[in-house]
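This report refers to the structure that appears directly beneath it.
Any value given below was found using the heavy atoms of this structure, including those in side chains, with hydrogens, waters and symmetry copies removed.
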Amino acid sequence: MNKKMKTAICMGMLMLLAFTGCQKNSEPKAELAFVTDGDDVQGDIVNQSIWTGVEQFAKESKKECQSYVPEERSDAAYEKTIDQAVKKGAEVIVCAGEEMETALYQAQREYRDVRFLLMDGVPVDEDGKERLRGNTLSIEIAPKEAGYLAGYAAVQAGYTNLGYLGGADEKKSREYGTGFALGINEAAKDLGLSSENITLKYRYRGTDGISPEFLAEVENWYREGCQVMFTDGGSYSNVVTAAAEKCGGAIIWNGGSSTSSSVVMTVRMEYGNILYETLKAMEQNEFEGKTHKVIGVRDGGISLEWNQDVLSAFTGEKYVSIRSKMSKDDFSIKEGDALENPDAFAIANLTVEKFAE
């Protein structure tokens, strides 16, 4: 091989290496990542809202963002997906739900330079011990306040025979139910109504499962006089909606949106807005690491929409009034279960009954 040929081959190899290097470096770095709990971004209401907030911030700040869906629902799959996001350049990783708690517990320790935002969860180890490191912020939208707002508005709208169903997530199920009962009781008190005038029946199902028997059961509740039903937002809510449509009942939708004419109110959990504002604050170096924040009505984390044509008694002025009441510094909802222990919560203007199973 002569000298000229060797030189040509060497130049060709250098050009190939340079081209390969440019290809690798040209791949955009995704600084913002959203790792789901296994659901697609568009397949879950909470995920949709979160991703909207991530995309809005990324667009305004001219950053790249990417969503990641784990191959399966397991801690190992979650940890693997977080690893992938970090390798792709993630500087901020958003996760949501209790399912991600153990994976985040490990990730926050392993990747100290990455900041983590965990919505509706707190990092825990395999034994359930909580720990928030300086690079992790936990944000929870308060279920009790969402339930309280729904209950108060329902009574102000004229409903006196109400129902509540809780699903698989025991903690949230009880928190939504507690808030709902206390909101109903407060509205009844404000309207001068007694426990003889208003009834709340409830059931903790312990599952989000659906069946023809469950549909028939909910239909029967409506037929026995239940006017409006509220749930903890579990996937079984669609069955409750179907029963309401069939029986002419109403439902207060919890989270997201529904096109059913039986949905008279919608409690919105503003994940996207809260996340967007949090990311903006982080950009200004205002990151509250090692913190568990509970976001409620006062912070803009919860809002209410309603069908004014159907609920003419519930006006914008009444909505502003209840929001103002819930935004005061002295407003709080204590720990415990108001449905199981109404006397401990001084529920005197409402009759609480358990649905027969």
Side-chain angles (χ1 to χ4, degrees), residues 98 142-155 157 159-188 195-256 258 260 262-267 269 333 335-345 347-357:
E98 295 179 350
K144 287 181 183 178
E145 288 200 21
Y148 189 102
L149 182 60
Y152 190 96
V155 174
Y159 292 110
T160 57
N161 194 327
L162 306 96
Y164 172 74
L165 283 170
D169 189 329
E170 182 178 350
K171 181 175 180 290
K172 282 193 175 181
S173 174
R174 293 179 183 276
E175 288 182 340
Y176 277 118
T178 290
F180 192 55
L182 292 176
I184 293 170
N185 189 70
E186 187 67 19
S195 57
E196 296 178 356
N197 305 123
I198 299 184
T199 301
L200 169 61
K201 293 184 179 180
Y202 77 96
R203 179 183 167 192
Y204 292 133
R205 300 184 65 225
T207 178
D208 285 348
I210 59 176
S211 66
E213 291 76 17
F214 174 56
L215 174 61
E217 182 181 354
V218 179
E219 288 176 3
N220 192 48
W221 295 338
Y222 278 116
R223 292 192 181 104
E224 288 181 350
C226 180
Q227 298 168 309
V228 65
M229 192 86 67
F230 181 58
T231 77
D232 63 358
S235 56
Y236 65 90
S237 299
N238 288 321
V239 173
V240 180
T241 305
E245 291 174 347
K246 186 174 181 179
C247 301
I251 182 171
I252 301 172
W253 193 257
N254 187 1
S258 172
S260 172
S262 293
V263 174
V264 294
M265 286 186 183
T266 300
V267 179
M269 315 294 268
I333 301 175
E335 296 298 315
D337 187 335
L339 292 176
E340 294 286 322
N341 304 287
D343 291 341
F345 285 79
I347 292 180
N349 298 72
L350 165 68
T351 297
V352 179
E353 299 178 1
K354 199 168 189 175
F355 273 127
E357 298 183 20

Spacing of CG belonging to L350 relative to OG1 belonging to T199, to within rounding of 0.5 Å = 7.5 Å
Might you point out which heavy atoms bring A181 and L339 nearest each other, and give the distance in Å?
-> CB-CD2, 3.7 Å
Out of curiosity, I252 CD1 to S262 OG, how far, rounded to the nearest 0.5 Å?
-> 12.5 Å
Going by atom types alone, do S237 and T231 pair a side-chain donor with an acceptor below 3.5 Å?
-> yes
Listed once per pair and sorted, the side-chain hydrogen bond (donor to acceptor under 3.5 Å, both in side chains) pairs that draw on residues 143-152, sequence neighbours left out | Y152-Q156, Y152-D190
Sort out for me which residue in Y204, F214, W221, Y202 forms a ring-ring contact (aromatic ring centres under 6.0 Å, His included) with F355.
-> W221
CD-CG distance between Q227 and L162, expressed to the nearest 0.5 angstrom | 7.0 Å
Keeping the roles fixed (side chain from D232, backbone from K172), state whether a donor-acceptor pair exists under 3.5 Å.
-> no
Of all heavy-atom pairs linking S195 and A348, the shortest is CB-O, 3.6 Å
Inter- and intrachain pairs under salt bridge (Lys or Arg N to Asp or Glu O under 4.0 Å), touching residues 237-253, at least two apart = E219-K246
Would you name the heavy atoms of S258 and V263 that are closest together and state the gap between them?
-> OG-CG2, 3.6 Å
Above 12 or not: heavy atoms from other molecules or residues under 6.0 Å from CD of E170?
-> no
One should read off an interatomic distance between I184 CD1 and L200 CG, to the nearest 0.5 angstrom, of 4.5 Å
Apply side chain to side chain contact (heavy atoms under 4.5 Å, CB included) to A188 and list each qualifying residue two or more places apart in sequence or on a separate chain.
-> L193, I198, N349
Between P342 and V352, what is the shortest heavy-atom contact and its length?
-> CB-CG2, 4.4 Å
Is there side-chain contact between V267 and F230, with heavy atoms separated by less than 4.5 Å?
-> yes
Please walk me through it: do T241 and W253 pass side-chain contact (heavy atoms from CB on, under 4.5 Å)?
-> CA-CA 9 Å; T241 305; W253 193 257; 3.0 Å; yes
Could you go step by step and tell me if R174 and D337 meet the salt bridge (Lys or Arg N to Asp or Glu O under 4.0 Å) rule?
-> CA-CA 6 Å; R174 293 179 183 276; D337 187 335; 2.4 Å; yes
A244 to A250 - nearest heavy-atom pair and separation | CB-N, 4.2 Å
For E224, the side-chain hydrogen bond (donor to acceptor under 3.5 Å, both in side chains) test, sequence neighbours excluded, returns N220
Step-by-step side-chain contact (heavy atoms from CB on, under 4.5 Å) determination, Y159 to V264 | CA-CA 11 Å; Y159 292 110; V264 294; 3.7 Å; yes
Apply side-chain contact (heavy atoms from CB on, under 4.5 Å) to M229 and Y222, showing your working.
-> CA-CA 9 Å; M229 192 86 67; Y222 278 116; 3.3 Å; yes
Starting at CD of E340, measure out to OG1 of T178 and round the result to the nearest 0.5 Å.
-> 9.0 Å
The reported gap from OG in S260 to CG in N238 (rounded to nearest 0.5 angstrom) is 9.5 Å
Smallest heavy-atom separation, V218 atom then A243 atom, equals CG1-CB, 3.6 Å
With sequence neighbours excluded, what pairs up with E98 under the salt bridge (charged side-chain N to carboxylate O under 4.0 Å, His left out) test?
-> none
Heavy-atom donor-acceptor pair, R205 side chain to T207 backbone, under 3.5 Å = yes
With sequence neighbours left out, write down each residue that passes ring pair (Phe, Tyr, Trp, His ring centres under 6.0 Å) with Y176, or none if nothing qualifies.
-> none
Assess whether atom CG of L215 is packed by more than 12 heavy atoms of other residues, nucleotides or ligands within 6.0 Å.
-> yes
Would you check if the side chain of Y236 reaches a backbone N or O of L165 as a donor-acceptor pair within less than 3.5 Å?
-> yes
